[in-house]
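The structure that follows is given in the form of structure tokens.
The sequence lines fix the lettering, A, B, ..., with proteins before strands; numbering per chain opens at 1.
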Amino acid sequence: MIADPTDTADTADTADTTGPADTTGPAAASEPAGTFTPRPGAAPLGRMIRAQAALETRLLLRNGEQLLLVIIIPTLLLALFSAVDIVDTGDGDAVDFLAPGVLALAVLSTAFTGQAIATGFERRYGVLKRLGASPLPRWGLLTAKTCAVLVTEVLQVALLTAVALALGWSPHGNPATVALLLLLGTAAFSGLGLLMAGTLRAEATLAAANLVFLLLLFGGGVVVPLDNFPGGVESVLSFLPVSALSDGLRDVLRDGAGVPWANLGVLAAWAVLGLGAAGRFFRWE
Amino acid sequence: MRPGPTGVGARKLPPGAGPLGATGVRHGSAPHSVARPLTSPPSRGLPPNGWSSLRRLPPMRDEPSPSHLPRPAPGGAAGEAPAVEIVGLFKRYGTKTAVDGLTLSVARGSVTAVLGPNGAGKTTTIETCEGYRRPDEGSVRVLGLDPLADAARLRPRIGVMLQSGGIYPGARAAEMLRHTATLHAHPVDVDTLIERLGLESCGRTVYRRLSGGQQQRLALAMAVVGRPELVFLDEPTAGLDPQARRATWDLVRELRTDGVSVVLTTHHMDEAEQLADEVAIIDGGKVIAAGSPEALCRGGAENSLRFSGRPALDVVSLLKALPVECTAIELTPGSYRITGNITPQLLATVTSWCAQHGVLPDRLSVERHTLEDVFLELTGKELRA
Ligand SMILES: Nc1ncnc2c1ncn2[C@@H]1O[C@H](COP(=O)(O)OP(=O)(O)OP(=O)(O)O)[C@@H](O)[C@H]1O
Ligand SMILES: [Mg+2]
């Protein structure tokens, strides 16, 4: 639960004589204030954004389908494909190939699929519209949504890392580079997810976001190495954001590479395109 | 607000006493408060005939002492502006004109009910005030601000209840209200509000599992929790049971007592009679009549008084005792009807005439037009598309 605002003490029979001087409040009250005596004002921005992010995170973690998507499926894929030799993951331990891919999948599931579906239905149910009349500015709402996505991703990364380590994963590379990749991936997927949620009907978003998730799961280098595909297809697929993310993570975490500039470039391009288009075409109602 | 019995409850008659009992208290016989005649459609761009009747800001209730009014927003003289000032508003969707030159002014601290058939343009008008829609023509000022250009300054000062939706399906009722409170600087105590609206038992229920009426009440609570100066309630009692409807009425009355301006839409005429200081009837995107409920009812067809007595009473003598515009006839032997503006004075005149003539007026009844009669008279009886 969100902490109570600190200053909700005014009640029906409390004289408002001790209230802080406030330009938006009633003038020095010589008469008892009623419960609803106007005293408008926005809460401090930081508090609004924190509260909104906390609410959205709670709603996400409480939603069964979302949990299935962002926690259970990535964890199961990681455990299953590491333990059973279903696909040829190349030389070395399967988990060393899979862990970076599943981290990319986790970002995809939260920032793109989950966010697109949730935001699509929020738009459909008038939640975004109603919030538009609240003191929380739109950019504040988007910041809060991003925070909720990041908090979820931290939980996902912690869980998946623990599972992978238990399965014998030995990661390499610079954690800061990994974080940079994950952040740029989040920006790219958020832009595309919000673009979808803000332009399509909620049902269409639901269907499309799930379909894209499935296609990218198998065609984005997450659990199936891209070099299993024919050459032409492989080079096209490598420009997908999820491929760039899983490939970049793999370069760093498995091969101990430095900064994978090419992959970062692809992700940055998707982020600019996606966020730009979302900013341009998003409809709030 | 002055303490003591000058509150709304004392001014307004107790529920059930009939909305018209207050005739003469608020407006006296102010002739300008009668709804304007409905012929001659207003020419576009010009204020409709008689729209000045909308701008008249009668001291219909105890004037809140100036010190009680919210101070003007910093850096602006907005504090003195009317709650809402709409002039010549047009809003079209494709070829469909949803709002057609609408003009309306809402005084601070009043409760204004916007009535009208389905599709009349009520929601469109209100949502334009809330900053959701951009006017095609005309000007809209809310608390002296432009709902679009000054949105950031206006938003914290208004409370909004949409006609439907607006809440996360998966959010719990109390959680959602608490969250809305957190977005405001000086919110109302959440638990008090939950109790006031009878939502205690469903505080932990998620929104999509609330009943329709509980959903409405939660949305209402969210509109008022931030202690706004002005609230817009789009059909706040749609789908409510009679108890919840009365709880909502009480809340609206308390908002007014506390100095909050309220604009609400409703399809319940009794609700408008009960709650509203001012009523605006909208049809086809225009205001076709406005005024206090009493004035609107008085302005329609005349009211009548009936009684029974001995056959062949001296109707001419009775008529002489009455104000000139009245009529009196014996409908059937021993059954009499007086038409005109039936005031308490007129009733006293009739009974004292009866006393002088040794008549016991039997089955004496006053028949007044309800707002619903007036509404149907003005908007016709056909169903709207
Ligand atoms: N977004 C929109 N796009 C197209 N037409 C619209 C839109 N919103 C409203 N309209 C049309 O504008 C007219 C007025 O609609 P509005 O919702 O304002 O009516 P209302 O008076 O609130 O009706 P109700 O009592 O049914 O709520 C209607 O004919 C409606 O079909
Ligand atoms: Mg409506």
Side-chain angles (χ1 to χ4, degrees), chain A residues 1-5 7-12 19-20 22-44 47-48 50-52 54-56 58-60 62-63 66 118 121-122 124-137 140 284-285, chain B residues 1-3 65-74 130-132 151-152 155-160 162 164-171 174-176 178-190 192-193 196 206 219 222 224 226-230 232 251 254-255 257-261:
Chain A
M1 281 289 148
I2 299 158
D4 261 339
D7 46 2
T8 52
D10 315 47
T11 52
D22 184 326
T23 46
T24 57
S30 53
E31 302 168 65
T35 309
F36 299 106
T37 302
R39 199 158 175 222
R47 187 167 96 194
M48 288 198 278
R50 241 180 298 129
Q52 185 69 33
L55 177 71
E56 302 228 347
R58 278 199 312 276
L59 291 176
L60 189 154
R62 208 187 285 153
N63 181 310
Q66 294 269 16
F121 279 96
E122 284 161 18
R124 145 83 159 280
Y125 290 128
V127 176
L128 300 181
K129 176 177 178 178
R130 174 65 183 79
L131 281 171
S134 80
L136 180 68
W284 294 83
E285 280 183 46
Chain B
M1 206 60 11
R2 263 161 259 142
S65 58
S67 71
H68 201 62
L69 287 172
R71 279 184 197 158
E130 293 163 345
Y132 288 123
R155 274 193 307 254
R157 298 171 63 189
I158 62 172
V160 168
L162 300 176
S164 64
I167 299 174
Y168 296 91
E175 174 183 45
M176 195 63 214
R178 218 169 282 285
H179 174 65
T180 311
T182 311
L183 301 180
H184 293 271
H186 310 286
V188 175
D189 181 61
V190 169
T192 311
L193 203 49
R196 281 290 302 273
V206 295
M222 285 168 59
V224 300
R227 309 245 308 248
E229 285 165 60
L230 166 63
F232 293 100
L251 186 85
E254 188 174 341
L255 288 171
T257 307
D258 287 348
V260 182
S261 315

Handout entry: Nearest-0.5 Å distance, CD of residue B:Glu229 to CZ of residue A:Phe36
Key = 15.5 Å
Problem - NE2 on B:His179 to CE on A:Met48, rounded to 0.5 Å - result: 10.0 Å
Problem - Minimum side-chain heavy-atom gap B:Ile167-A:Arg130 below 4.5 Å - result: no
Problem - Part of B:Ala152 within contact of chain A (heavy atom distance under 4.5 Å) - result: neither
Handout entry: Nearest atoms (heavy-atom pairs only) where A:Pro40 meets B:Pro156
Key = CB-O, 3.4 Å
Fill in the blank from the handout: Interatomic distance, CZ@B:Arg227 vs OG1@A:Thr35, rounded to 0.5 Å, equals 8.5 Å
Problem - Max heavy-atom pair count under 4.5 Å with chain B, selected residue of A:Gly132, A:Pro137, A:Pro44 - result: A:Gly132
Fill in the blank from the handout: Rounded to the nearest 0.5 Å, the OG1 atom of B:Thr182 sits from the CG atom of A:Leu136 at a distance of 11.5 Å
Exercise for the section: Check B:Gly259 against A:Pro38 and note the closest heavy-atom contact, atom names and distance. Expected result: O-CG, 3.8 Å
Exercise for the section: Determine, for A:Arg62 against B:Glu175, whether the closest basic-nitrogen to carboxylate-oxygen distance falls under 4.0 angstrom. Expected result: yes
Fill in the blank from the handout: When the 4.5 angstrom heavy-atom criterion is applied to B:Leu230 and chain A, the contacting part is neither
Problem - Nearest-0.5 Å distance that lies between atom CG in B:Leu183 and atom CG in A:Leu131 - result: 7.5 Å
Exercise for the section: Check whether any side-chain heavy atom of B:His184 sits under 4.5 Å from a side-chain heavy atom of A:Pro135, and report yes or no. Expected result: yes
Problem - NE2-CZ distance between B:His186 and A:Arg39, expressed to the nearest 0.5 angstrom - result: 4.0 Å
Handout entry: Engaged part of A:Leu128 at the chain B interface, taking heavy atoms whose separation is under 4.5 Å
Key = neither
Handout entry: Heavy-atom side-chain contact between A:Glu122 and B:Pro169 under 4.5 Å
Key = no
